[in-house]
Amino acid sequence: MCGIIGIVSQQPVAQVIYDGLLVLQHRGQDAAGMVTCDDRKLHLRKDNGQVSDVFHTRHMTKLLGNMGIGHVRYPTAGCSSSAEAQPFYVNSPYGVSLAHNGNLTNVDKLKADLYAEDRRHINTESDSEVLLNVLAHELQASGELKLKVDDIFKAVSATHRRIEGAYAVVAMITGKGILGFRDPFGIRPVVYGKRETDAGTEYMVASESVALQTSGFELVADLKPGEAIYIDKYSNVHLRQCAEYARLSPCIFEHVYMARPDSVIDDIYVYKARLRMGVKLAQKILKLRPDHDIDVVIPIPDTSRPSAMELAFHLGVKFREGFIKNRYIGRTFIMPGQTLRKKSVRRKLNPIDIEFKGKNVLLVDDSIVRGTTSQQIIEMARDAGANKVYMASAAPAVRFPNVYGIDMPAVEELIAHGRSDEEVGKLIGADWIVYQDLEDLIAAVQKGNPQIKEFDCSCFNGQYVTNNISVDYLDKIKAKRNDSVMNESDASRFEGMDLHNNA
């Protein structure tokens, strides 16, 4: 999971891209980057770290130009090398820069084809560099010195035919314009919007609508599955469906955890969806435990708060903030390496003892993946004096890896894999646990846009919407995502580092 942004304007764009990346920081804290275009000259800055760490005044003053793209990254396979920071660039043809959110599932074949057939060299382990070279090769296939709009869309169509998986892309063709496109299943989100200024009309393409809103852009629409948008340097907009077959099957985990609550994705208000998750979860608790003895509902900040508020209301019990969050610690779910995650939880949250002492507490989280955080938080609640501690998850049990750009761990490291709900509750130390039912989660999200008939729910049900995920592929990503590997390669880099500017 990453965040992408692209802007075409008639005035300098570096500050607007920076502001947009700041509000997309929740989508990745590992690295950040930006490339701007000043006439036909490119200016690039990228490095490991959060947005405010990577871009200082000395960098911003050099990022000249009226169009550009930006990226925030977290690693989907455990690699945190600065060489993997985006955007990537190739000089041929025309000079193309690219930033990508998602994961290509046929990347090994693509690498082989790029070398053997296209004569292109790949210098990193990033599938985004592979995607860039595929797109660049297809652009070059036009053979034209003067690039036409039809050539660009033909290149996107050819790229769709070659690549598989989930992808939301922004690319910049030097001196010409910004290109954005979305995979044929619409798994990863991407929106575009515009704003009017004295200098003229400006356009932005971004992962989430919140990036538009905070900079004063009006949301125009989500890109449809397989759709591409090209905005030339004069702010002329071109839209075209470039996939031979398209079907909207967006990732439901965006609404559970990934997206900001103030975003709108595929016409669904994320905040409203999370409120409805709380209603559904309350209904299940009342059905399973009509004589419950819950005294107070406490959210595990921050993502679960809307669900917890509605759950408490419909249960008829008090809602209280029981944990104070240190906002200078990053999101533990997307930190590489289990050692680092474990160390971060107790630094990140501190209980308010008076809300726990002598009470039967229902803790609400957005989801439970490894169980590491849940176990420690339950211990904290008991240490603060709770009589009983129950756990509720606004999402179903995560039992399968995600292959579309979210770094779910190796399947054996998912606490719910191969275990019953009761076994999970016992492992994390809860008196009882309740998970959202998948059909209820789908109903809660789908109510925001009944036109969506299908979601990618693969981490909950193991059904991958692209229908091309083999056992061999799952074994390969398991080897890359194994926490013992990640601890060795990544965790040491964060030892003693003061993580700050939490999204």
Side-chain angles (χ1 to χ4, degrees), residues 1-29 32-36 45 49-57 59-60 63 65-74 86-87 99 101 168 170 178 180 188-223 229 231 235 254-255 257-274 301-303 305-306 325 327-328 330-331 334 448 500-503:
M1 182 195 68
C2 302
I4 59 173
I5 189 170
I7 299 178
V8 174
S9 176
Q10 304 306 313
Q11 55 190 346
V13 297
Q15 185 63 51
V16 183
I17 294 175
Y18 177 90
D19 294 342
L21 292 179
L22 277 179
V23 297
L24 293 176
Q25 185 77 86
H26 62 286
R27 301 190 68 87
Q29 301 170 16
M34 182 194 314
V35 60
T36 59
R45 167 63 182 169
Q50 297 187 15
V51 174
S52 59
D53 299 321
V54 172
F55 300 104
H56 299 156
T57 302
H59 306 123
M60 296 295 292
L63 291 167
N66 295 347
M67 65 179 178
I69 62 175
H71 186 264
V72 288
R73 173 186 183 270
Y74 97 109
Q86 299 182 41
N101 173 33
V170 288
I178 297 289
R188 300 263 71 86
V190 58
V191 299
Y192 69 97
K194 67 178 182 178
R195 72 177 180 182
E196 302 294 340
T197 71
D198 293 339
T201 305
E202 301 175 329
Y203 286 91
M204 180 190 292
V205 179
S207 291
E208 294 184 33
S209 62
V210 66
L212 307 177
Q213 183 182 21
T214 56
S215 293
F217 284 75
E218 173 192 354
L219 173 64
V220 175
D222 297 78
L223 285 186
I229 184 171
I231 309 158
S235 292
E254 290 279 353
H255 295 277
Y257 175 81
M258 294 301 180
R260 273 182 47 147
D262 44 348
S263 282
V264 183
I265 298 177
D266 294 312
D267 294 326
I268 299 170
Y269 285 84
V270 175
Y271 179 75
K272 286 284 193 179
R274 290 176 183 168
D302 283 321
T303 319
R305 188 172 287 114
K325 182 178 180 180
R327 299 187 180 279
Y328 300 93
R331 298 180 93 178
I334 62 175
H500 53 88
N501 292 311
N502 180 48

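Residue indices begin at 1 and follow the sequence shown. This is a predicted model, so every value here is computed, not measured.
For His59 (side chain) and Val54 (main-chain N/O), a donor-acceptor pair under 3.5 Å exists by modelled atom type. Between the side chain of Ser235 and the backbone N or O of Thr201, at least one donor-acceptor pair lies under 3.5 Å. No donor-acceptor pair closer than 3.5 Å links the side chain of Ser215 to the backbone N or O of Phe217.
Leu223 places a side-chain heavy atom less than 4.5 Å from the side chain of Ile229. In this structure, the side chains of Val205 and Val191 stay at 4.5 Å or more apart for every pair of heavy atoms. Contact check for Ile7 versus Met67: no side-chain heavy atoms found under the 4.5 Å cut-off. Within the 4.5 Å cutoff, no side-chain heavy atoms of Asn66 are placed close to those of Val8. Side-chain contact between Gln29 and Gln50: present, with at least one pair of heavy atoms (C-beta onward) separated by less than 4.5 Å. Using a 4.5 Å cut-off on side-chain heavy atoms (C-beta onward), Val51 and Val72 make contact. Within the 4.5 Å cutoff, the side chain of Arg274 has heavy atoms near those of the Thr303 side chain. Counting heavy atoms from C-beta on, the side chains of Asp222 and Asp267 come closer than 4.5 Å.
For residues 202-211, the set of pairs meeting the side chain to side chain donor-acceptor pair (under 3.5 Å) definition, not counting sequence neighbours, comprises Ser9-Glu202, Gln11-Glu202, His26-Glu208, Arg27-Glu208, Arg195-Glu202, Glu208-Ser263.
From Leu22, atom CG reaches atom CZ of Phe55 across 9.5 Å, with rounding to the nearest 0.5 Å.
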